[in-house]
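Structure record follows, encoded as structure tokens.
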Amino acid sequence: MKKIIGLLGLAFIMILCSCDDNSENDFEQTITASTSIPNETISIYDINNAKIGEIERYGILVLTDDSIIYNKIPTGSVDSITEMDYYRYIFETNENIKLGTVKNWSYEAKYDTTVIGNSLYMMVTTGEISDIENRTLHLYKVDLISNTMSVIFSEEGGFPYNTMTAVGNKLLMVRIIPTGGSELEEYNTETNERKILKKFDFDDKANTGEAIRQITSDENTISLLRLKIESDGKLWLYLDVYDHDMSFLRSVDVSTISSNSTDSPESELRQGVSNFVIANDYIYYANFSITRFLGKIENDSLRSIMDVNPEFEMSSESVKSKSSGLFYQSFGKDNDLYLLNYTDGTLRKTTFNGDDERYYFINISRNTNDNLLITMKYKDPKTGEELVPKLYYVNLSDLEFS
């Protein structure tokens, strides 16, 4: 029954965490049908629709400054995933280099994959993902110089949907504790030292206490999203801001973040958070349910910049941009893109289409060189007709924002 989770497991996932936010492929990483699970061969094109490469992959892709890190089922197609190969595609040489294999693979939290220097860090779960007694969470390191991967540490029963961010040469990780509560742990990538910076208590049985939902950082600050539930069932979502030495700066009540997304805003506040960025008081929030928010913190309250819907996403960044945020409308017929300047708040818009205007965005990744990897697909909702999926590798400067 591996990878096939019952309704109770699904409810657990949707309330506490859920799967990746940007593609149905990551949902398939956790829950699959009884039919065969295949890889997908997908070609890469430039801005002029010229083919520049090809990969055979399974699931979401991670963009680095010169390559794509991707998964691949070793046998091409299986009834149940038992191991997963990891590869690196180099743009300059068109090489596909095997990095390693994870046996008993179950899930990878690609939404928080992080690059520090010449290393990429990712959280991978092995075993039965819905069974705390039979799963193990691993922090993997991919060495982008030697093209190898190794386990930094493993945690039996670890929560598959932990989050992390980079602060200098340190990796800050929010870890859900199997016995209850959560911890903020620091891993020094140079010395390999680990230490607990903060701990938050939560009583699972009483459903009261505090829990960290996400973490992000910028040049000067570290921001935690903290959920607080009291004994009477009332709950709040706070943004706690610290400097890089973890000295407390301020706390902002952001409980209104889900007020316009649903008739049950409190249920939305309970959800795990897939994407969370703070930059110069501009904030983007996306949970594993339907709430999306783009706005700014002013006078310790939230101001929306634009109305967004559940398909409004931010480009994934393994190294967070210091200058701007790129957003897109997934599964939309207009293929809208938005660029938010973190300095002056300017929000500009453009569109991008493949060689067939029926293609729509599935996922967009961005690297520090402002190169974009755009995944595009199309399926007719009535007939089921599909176009061959495509990847576009273009630079932000190739797009005309206005």
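Just the heavy atoms: all of them, side chains too, but no hydrogens, waters or symmetry mates, feed the values below. Starting from 1, each residue takes its place in the sequence as its number. A quick note: this is a predicted structure, and the numbers were derived from the prediction, not measured.
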- prompt: More than 12 heavy atoms of other residues, nucleotides or ligands under 6.0 Å from CD of E133: is that the case?
  reply: no
Under 6.0 Å between ring centres: does that hold for Y378 and Y359? no
When the ring centroid of F331 is compared with that of Y360, is the distance short of 6.0 Å? yes
Taken to the nearest 0.5 Å, the spacing of I222 CD1 from H244 NE2 works out to 5.5 Å
If we count only N and O atoms by modelled type, under 3.5 Å, do the side chains of N275 and Y284 hold a donor and an acceptor together? no
Minimal heavy-atom distance between N341 and T343, with the atoms involved, is OD1-N, 2.7 Å
Exercise. Look at K170 together with E190 and state whether they make a salt bridge at an N to O cut-off of under 4.0 Å.
Key: no
Salt bridge (charged side-chain N to carboxylate O under 4.0 Å, His left out) with D281: of K296, R303, R250, only one passes, and it is R250
ask   = Does any N or O in the side chain of S318 come within less than 3.5 Å of the main-chain N or O of L120, such that one atom is a donor and the other an acceptor?
value = no
Is it the case that N367 and E317 place a side-chain donor and acceptor less than 3.5 Å from each other? no
Heavy atoms of S301 and V252 approach each other most closely as N-CG1, 4.2 Å
Taking the side chain from N162 and the backbone from F159, do they hold a donor-acceptor pair closer than 3.5 Å?
-> yes
Pairing donors with acceptors under 3.5 angstrom, does anything connect the side chains of Y86 and E108?
yes
Looking only at side-chain N and O atoms, does S217 offer a donor or acceptor that is under 3.5 Å from a partner on T165?
yes
Rounded to the nearest 0.5 angstrom, the CD1-OG distance for I215 and S223 is 8.5 Å
The reported gap from CZ in F202 to CD1 in I212 (rounded to nearest 0.5 angstrom) is 12.0 Å
Residues S289 and N287: side-chain donor-acceptor under 3.5 angstrom:
no
Practice prompt. Check whether the side chains of T125 and R135 place a donor and an acceptor atom closer than 3.5 Å, and report yes or no.
Written response: no
Heavy-atom closest pair (I73 atom, I37 atom, distance to 0.1 Å) is CD1-O, 3.5 Å
* Q214 side chain vs V273 backbone, donor-acceptor pair below 3.5 Å -> yes
Separation between OG1 (T189) and OH (Y121), nearest 0.5 Å, reads 4.5 Å
### Message
If you count every heavy atom of other residues, nucleotides or ligands that lies below 6.0 Å from N192 atom CG, does the total exceed 12?
### Response
yes
message: Heavy-atom count check: over 12 atoms from other residues, nucleotides or ligands less than 6.0 Å from E311 CD?
response: yes
Whether K72 engages the ring of Y87 as a cation-pi pair (distance to the six-membered ring centre under 6.0 angstrom, angle to the ring normal within 45°) should be assessed. yes
With a 3.5 Å distance limit and no angle check, can you tell me whether T208 reaches the backbone of D203 through a side-chain donor-acceptor pair? no
Paired with Y392, the side-chain hydrogen bond (donor to acceptor under 3.5 Å, both in side chains) test is passed by just one of N353, T375, D398, N49, namely N49
Heavy atoms of L339 and S324 approach each other most closely as CD1-OG, 3.7 Å
Expected output: side-chain S274 to main-chain A286 donor-acceptor under 3.5 Å: yes
Nearest heavy-atom contact between G233 and E266 is O-OE1, 4.3 Å
Are side-chain N/O atoms of E56 and N39 paired as donor and acceptor at under 3.5 Å? yes
Only residue of T350, D370, N369, L337 satisfying side-chain contact (heavy atoms from CB on, under 4.5 Å) with L396 is D370
- Charged N to carboxylate O under 4.0 angstrom, E400 versus K349? no
Rounding to 0.5 Å, atoms CG (L197) and CE (M246) come to a distance of 5.5 Å
Set out, in order, the CA-CA distance, both residues' side-chain angles and the distance that settles side chain to side chain contact (heavy atoms under 4.5 Å, CB included) for Y285 and L225, then state yes or no. CA-CA 10 Å; Y285 167 101; L225 271 180; 3.8 Å; yes
Considering residues, nucleotides and ligands other than E54, do more than 12 of their heavy atoms fall under 6.0 Å from its CD?
-> yes
Exercise for the section: Step through it carefully: locate the ring centre of Y107, locate the ring centre of Y161, and say whether they are under 6.0 Å apart. Expected result: yes
All heavy atoms of M173 vs all of Y187, minimum pair found to be CE-CB, 3.7 Å
Could you tell me if D65 and T368 have a donor-acceptor pair between their side chains, going purely by distance under 3.5 Å? yes
Can a donor-acceptor pair be found, under 3.5 Å and without considering hydrogens, that links the side chain of T114 to the backbone of D112? yes
Q) Is the backbone N or O of I145 less than 3.5 Å from a side-chain atom of D143, with the two atoms forming a donor-acceptor pair by type? A) yes
Q | Salt bridge present between E185 and R194 (N-O < 4.0 angstrom) | A | yes
Per salt bridge (charged side-chain N to carboxylate O under 4.0 Å, His left out), D240 is matched among K228, R226, K198 by R226
Can you tell me if D245 uses its side chain to pair, donor with acceptor, with the backbone of S247 under 3.5 Å?
no
| task | Check whether any side-chain N or O of D204 sits under 3.5 Å from a backbone N or O of N207 as a donor-acceptor pair, and report yes or no. | result | no
>> Salt bridge or not between D356 and R358? Use side-chain N to carboxylate O under 4.0 Å.
In response: yes
Rounding to 0.5 Å, atoms OG1 (T148) and NZ (K141) come to a distance of 8.0 Å
**Item:** Greater than 12 external heavy atoms within 6.0 Å of K379's NZ
**Value:** no
T101 side chain to D85 side chain, donor-acceptor N/O pair below 3.5 angstrom: yes
Does the cation-pi check pass for R213 over F276, that is, NZ or CZ under 6.0 Å from the six-membered ring centre and within 45° of its axis? no
Charged N-O contact under 4.0 Å between D355 and K390: yes
